[in-house]
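Notes follow the structure.
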Amino acid sequence: MKLFDRLDAIPSPSPEEAQILDSVRALARNEIAPRAEHYDRSSEFPWDNVRAINALGLNAIFVPESYGGAGLNYAVYLACVREISKACASTGIIWATNFHAMKPLVDFGSEEQKRRLLPRVAAGALAALAITEPSAGSDATHMTTRFTPDGDKIVVSGGKTFITSGDVADLILVFGKWAGIADDRRAISALILEKGAPGLKVLRKEDKMGHRASSTAALAFEHCPVPRANLLGEPGAGLQLLLTALNKSRPSVAAHALGIARAAFEDAVLYINERRQSGRRIIEFQGIQFMLADLATELALCEAWLWHVAHLIDSGSDDFAVEASMLKMRASDLAMRVTTEAVQLYGGYGYCKDYRVERLMRDAKITQIWEGTNQIHRQLIGRSFIDKR
Ligand SMILES: Cc1cc2nc3c(=O)[nH]c(=O)nc-3n(C[C@H](O)[C@H](O)[C@H](O)COP(=O)(O)OP(=O)(O)OC[C@H]3O[C@@H](n4cnc5c(N)ncnc54)[C@H](O)[C@@H]3O)c2cc1C
C-alpha cells in the first residue's frame, strides 16, 4: 500500500494540519470504524460519533478564525472527509453536510450573519442543505417552496425531500422562490432556518439501502416565519449561490466516495492475500492481478485528481466547475466499481453481512446519485465544450 501512502502525502500539510489529520485517523480507526456495523444494522443516528468529532473541534476546519474557527485549507478538509468516510460512510456524510450547508454562509453571509451564526457552527452545530423537492430533483429550478416577505420576517411555505440530517440539524440552508419574482431562475433565494422554527415539520425519514445511520428526512414548511436577517444575499441571489456552493461540495462528496472505495480496496487486498484455492493464494492468480491493477490505477489517478482540484480551490480559483464535476463523477463511479469487485473477490462471503464489503457496496450506490446524478455531471462536462457563439 506504499503507493497510496505516498499519494496521501500530496497535500503537504503544515505541522498543525498534520496533527489534525493524525487525530482524525486515530478517531476513525479507534472509535468510528468499530461502531459502523452497529449503526448500519440499527439505523440509529450516530450521536456518539458526532460528539467525538465535535470533541476534536472538526467543524472549525472550515470556519474562518475571526468567527471562532481555525480556517484551514480545503485539502485538509477533504482528507478528513475521506478518513471519516472510510471508517463509516454515514458519519462521513453527516459531517461533510455541515460543510456543504454552511460554506455558503462563510462565502456569502453578511458580517452580522457570520458573527451571529458561525461560532455555533465552529462549536459543532449540525447543518442541513435543503434543495431537493418531490418534483424538483435534477432540475432544481422547478422548486416550488415559496419565500413571502412579511415585515421583518420571511414566511416559508412548501416542503423538501431527501434532506440529509434534516430532522436533527440545528441550522438548515433552505432554497426557495421569492414571491413576486416571475422568472423561475431569478426568483431562487436562500435563507437559514433555525431548529425549532414554528411550522417546520419532519414528515418522514427514509428507509434506505445504505448510509443507514445518516438520517434522510422529508420536511414541510407550514407558513414558517424566519427573521429577514437570515436571508443570504439579496432576494433572487440564490441560483448563483447554489451553483457556487455545489462546486465546492462536489469535491467533498468525491472525497467521501473515495473513502468508501479505499476501504473496499484495502479489505479485498488483505482477504485475497490470505484466502487460498487450488493450492494458491487468490492474489496469485493472474486474472485477479489484472483486476487489481485496473482498480489500483483508477484509484491512484482519481486520488491525484482530488488533490489537483483541492489545490485549485486553495489557490483561490473560481473556475473549477468542470474539474469538480469530473471528480465527482469518476470518484463515485469508481466507488461503485471497487466495492462491487471487492464483493466479487470475497466470493460468497462477500455477499454476507459478516464482512464490511457488503455494507460498502450498499453505501457506494448513492454517491452516483446525490450532488447531481452522474448523468447530469456527464451533461455538464460535455456541454462545457460547446462553442459559445
Ligand atoms: C440518501 C440521500 C440523501 C440526499 N441528501 C440530500 C440533501 O441533503 N439535500 C438535498 O437537497 N438533496 C438531497 N438528496 C437528493 C438528491 O440530490 C437527488 O435525489 C438527486 O439530485 C436526483 O434527483 P431525483 O431523485 O429527483 O431524481 P430525478 O431528477 O428524477 O432523476 C431520475 C433519473 O433521471 C436522470 N435524469 C434526470 N434529468 C436528466 C437529464 N437532463 N439528462 C439525463 N438524465 C437525467 C437522473 O440521472 C436519474 O437517473 C439526497 C438523496 C438521497 C437518496
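Just follow the structure's listing: the first ligand is 1, and inside any ligand the first atom is 1. All residue numbers in this chain count up from 1 along the given sequence.
By the 3.5 Å distance cut-off applied to N or O atoms, Asp139 is not counted among the residues near ligand 1. The shortest N or O to N or O distance between Lys208 and ligand 1 is not below 3.5 Å. Residue Thr132 has at least one nitrogen or oxygen atom sitting less than 3.5 Å from a nitrogen or oxygen atom of ligand 1, judged on distance alone. An N or O contact shorter than 3.5 Å is missing between Trp370 and ligand 1 by distance. Considering backbone and side-chain N/O of Thr164, one or more are found under 3.5 Å from N/O of ligand 1.
Remark: the backbone N or O of Ile188 is not paired with any side-chain donor or acceptor of Lys177 at under 3.5 angstrom. At distances below 3.5 Å, at least one donor-acceptor pair connects side-chain atoms of Asn230 with backbone N or O atoms of Ile192. At distances below 3.5 Å, at least one donor-acceptor pair connects side-chain atoms of Asn30 with backbone N or O atoms of Ala26.
Of all the listed residues (Ser249, Ala101, Ser138), Ser138 holds the heavy atom that lies closest to atom 31 (O) of ligand 1. Selection from Gly137, Ser90, Pro134 by nearest heavy atom to atom 23 (O) of ligand 1 gives Gly137.
Contacts between Glu206 and ligand 1 below 4.0 angstrom, taking non-hydrogen atoms only, are absent altogether. Of the heavy atoms in Ile131, both backbone and side-chain atoms come closer than 4.0 Å to ligand 1.
Between Tyr74 and Phe99, the distance separating the two ring centers is shorter than 6.0 angstrom. A ring-centre distance under 6.0 Å is not found for Trp95 and His256.
Using cut-offs of 30° and 60° for the angle between ring planes, the Tyr355 and Tyr349 rings count as perpendicular. Ring geometry for Phe62 versus Tyr77: interplanar angle over 60°, hence perpendicular rather than tilted (30 to 60°).
Listed by number with element, the atoms of ligand 1 under 4.0 angstrom from any heavy atom of Ile376 are 38 (N), 39 (C), 40 (C), 41 (N). Of all atoms in ligand 1, listed by their number and element, those nearer than 4.0 Å to a heavy atom of Ile369 are 20 (C). Taking every non-hydrogen atom of Thr373 and a distance limit under 4.0 Å, the qualifying atoms of ligand 1 come out as 22 (C), 46 (C), 47 (O). Set against the non-hydrogen atoms of Leu129, the atoms of ligand 1 under 4.0 Å away are 7 (C), 8 (O), 9 (N), 10 (C), 11 (O).
The shortest separation from a heavy atom of Thr216 to ligand 1 is under 4.0 Å, placing the residue in contact. Distances shorter than 4.0 angstrom do not occur between any heavy atom of His211 and any atom of ligand 1.
If you chain together hydrophobic residues whose side chains sit under 4.5 Å apart, Val121 and Val50 never meet in one group.
The neighbour count for Arg186 CZ, taken as heavy atoms of other residues, nucleotides or ligands under 6.0 Å away, does not exceed 12.
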